[in-house]
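Read the numbers this way: they start at 1 and go in the same order the structure lists the ligands and their atoms. Because the structure is a prediction, the values reported are computed rather than measured. When a residue number appears, it is its place in the shown sequence, counting from 1.
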Amino acid sequence: VTPKVASGGRLLIVGGSDAGISAAIRARELSPGTNVNVIVGDRFPNYSICGLPFWVSGEVSDHRRLAHRSIGELRRLGIGLKLGQRALRVDPANKVVTALTPTGRTRSYPYDRLLLATGALSARPAMEGLDLPGVFFLRWMADGFALRECLAARRPRSAVIVGSGYIGVEMADALTRRGLSVTIMARSAVLKTVDGGMTELVRGELAKNGVRVIDAAATAIESGPRDRLRVVGSTGVSVPVDLVLVATGSLPNTELAHLAGASLGAGGAIKVNRAMETGIPDVFAAGDCVETWHRLLKRNVYLPLGTTAHKQGLVAGENAVGGNRLFSGSVGTQVVKVFDLMAARTGLLEREAADAGFKPRTVELQAWDHKRYYPGAVRLWLRLTADERTGTLLGSQLVGHHVAEVSKRLDILATAVFHRLTVEQIAALDLSYTPPTSNPWDPIQVCAQRWLRG
Ligand SMILES: Cc1cc2nc3c(=O)[nH]c(=O)nc-3n(C[C@H](O)[C@H](O)[C@H](O)COP(=O)(O)OP(=O)(O)OC[C@H]3O[C@@H](n4cnc5c(N)ncnc54)[C@H](O)[C@@H]3O)c2cc1C
């Protein structure tokens, strides 16, 4: 339903990525009379940061193809872009943002409504050597350019990735494709967004593709002879290497909001309500810089994802021009491709569900993705957690070959978690079937039936 909104006024947005541009587009769509300007810290508005690993790997050849929309398309939508400008402070009393222009001058932008969509920053773990040449992070297009330039100019033969989250494992894949010998060094389990036997499957896929995993916290990066580096781990291990990528997570970029007087909440992110309001009059915030409403936990958490940033941006853009929409919340659905394997999850892990006061019970199952008599059948590993008391699905994880429609299946379960379906209702769903793609009972329904049997 298209809401009725007030028209006119000035909407200023700081941040031109998923959240900021989603907001700008929605505001212009609903209120063509509103003057919408976006201050963007770099020259790459509306770029898909999620695509960086695939550009580094060479699977995407031209960085411009990562743009969801071109600058021309955005301008044709009536969005004013202030590129390469850094917002320095917000004066909420006088409704003005001060920004630093590329020529080093400051410029004032008055606003009627302001949206902070400043995203996140790469976490910098407490260790020596992060600023040495040959050490990289991956968050912005500039990081991607620096990494690609190093790969082309210095032709490194080996890399250590510090961190084993989804960016770490995606980059292990990407750098292996570029011909590097890759080691992951991490203090926590590989891809700890999944649990049980799932983690081991991801680890197995890494090993199969020659990626070595060292279970140790990296404590220092040292420079070695002939431009080489050395990564030292907590177990005393020391790995000589040509290139280091630090991928230990992201932190909300809240400096501007904090200076403006906004309160910080979960994970140090900007506190917002579900209308994406910060509590400062006429100041909204969305995306990786804010906390996120979790539908199962019924509280705010820090869960920075592109999917969420787009939705929060849309809500903020709508409300900033007088709409009245609430963010529906997240259930933490995510998927990652590691070489030939997809690993996906939605909802809560068993221990998270127990901590939240549910009475979780979990089943794990292996199944063929489609009828075995049809060529190409591959195995799927499924894990399903539901509440003993109500039979409601709390979470699920799926791992399998990328041809096994892992994300389609996981998304059915994500829909179920989102709408609080019971395991019995999932077992009864009318899902599609033809031998090349599934079974009369889809593997997720077989897993549901297994759970129901107790
Ligand atoms: C390598 C990588 C892979 C990812 N893969 C996935 C994935 O597969 N799926 C998924 O859901 N999510 C993924 N993500 C997460 C996703 O990219 C983020 O959730 C998303 O980009 C957040 O969008 P955002 O608009 O909130 O912030 P950001 O993308 O962080 O953008 C922030 C914007 O604010 C601007 N900015 C910041 N401070 C200022 C300032 N002071 N002045 C002016 N401008 C400023 C920046 O220039 C930028 O335009 C990935 C992230 C990375 C790094």
Side-chain angles (χ1 to χ4, degrees), residues 12-24 37-57 66-68 81-90 97-102 107 109 114-123 136-144 147 161 163 165-171 173-174 193 245-260 269-270 276 285-290 292 302-314 316-317 330 332-338 342-344 407:
L12 182 65
I13 298 172
V14 182
S17 186
D18 294 349
I21 298 295
S22 295
N37 280 299
V38 188
I39 302 179
V40 190
D42 62 18
R43 300 201 161 269
F44 303 97
N46 212 199
Y47 266 63
S48 169
I49 291 174
C50 310
L52 281 174
F54 309 104
W55 176 46
V56 172
S57 72
L66 296 181
H68 294 300
L81 296 171
K82 311 293 172 196
L83 301 180
Q85 303 203 19
R86 184 136 294 273
L88 299 175
R89 52 189 173 271
V90 180
V97 170
T98 307
L100 188 66
T101 69
R107 199 173 152 186
Y109 291 99
L114 174 67
L115 168 64
L116 299 175
T118 47
L121 305 168
S122 295
F136 297 88
F137 292 82
L138 195 66
R139 177 78 213 181
W140 309 114
M141 288 306 293
D143 296 330
L147 190 48
I161 297 173
Y166 74 91
I167 296 175
V169 297
E170 275 185 349
M171 287 305 295
D173 180 335
T193 44
L245 177 76
V246 181
T248 52
S250 52
L251 298 173
N253 181 10
T254 57
E255 196 186 344
L256 202 60
H258 185 58
L259 288 174
I270 305 169
M276 310 316 296
D288 279 13
C289 58
V290 305
T292 289
Y302 186 56
L303 202 48
L305 283 169
T307 45
T308 305
H310 276 96
K311 294 183 190 91
Q312 291 178 335
L314 183 142
S330 164
T333 307
Q334 47 196 289
V335 60
V336 61
K337 179 173 174 296
V338 191
M342 303 288 277
S407 40

Subject >> Test side chain to side chain contact (heavy atoms under 4.5 Å, CB included) applied to Arg89 - qualifying residues, sequence neighbours left out >> reply: Thr98

Original post:
Quick one: are Ile49 and Ser17 in side-chain contact, heavy atoms under 4.5 Å?
Top reply: yes

Subject >> Asp143 side-chain N/O to Trp140 backbone N/O, donor-acceptor pair under 3.5 Å >> reply: yes

**OP:** Check salt bridge (Lys or Arg N to Asp or Glu O under 4.0 Å) between Asp18 and all other residues, then give those that pass, not counting sequence neighbours.
**Re:** none

**OP:** State whether the side chain of Tyr47 and the backbone N or O of Gly16 hold a donor-acceptor pair below 3.5 Å, judged by distance alone.
**Re:** no

Original post:
ligand 1: which residues have a non-hydrogen atom closer than 4.0 Å?
Top reply: Val14, Gly15, Gly16, Ser17, Asp18, Ala19, Ile39, Val40, Gly41, Asp42, Ile49, Cys50, Pro53, Gln85, Arg86, Ala87, Ala117, Thr118, Gly119, Ala120, Leu138, Arg139, Trp140, Tyr166, Ile167, Asn253, Gly287, Asp288, Pro304, Leu305, Gly306, Thr307, Ala309

**OP:** Mind checking side chain to side chain contact (heavy atoms under 4.5 Å, CB included) for Thr101 and listing every partner two or more places apart, or none if nothing turns up?
**Re:** Gln85, Thr103, Arg105, Arg107

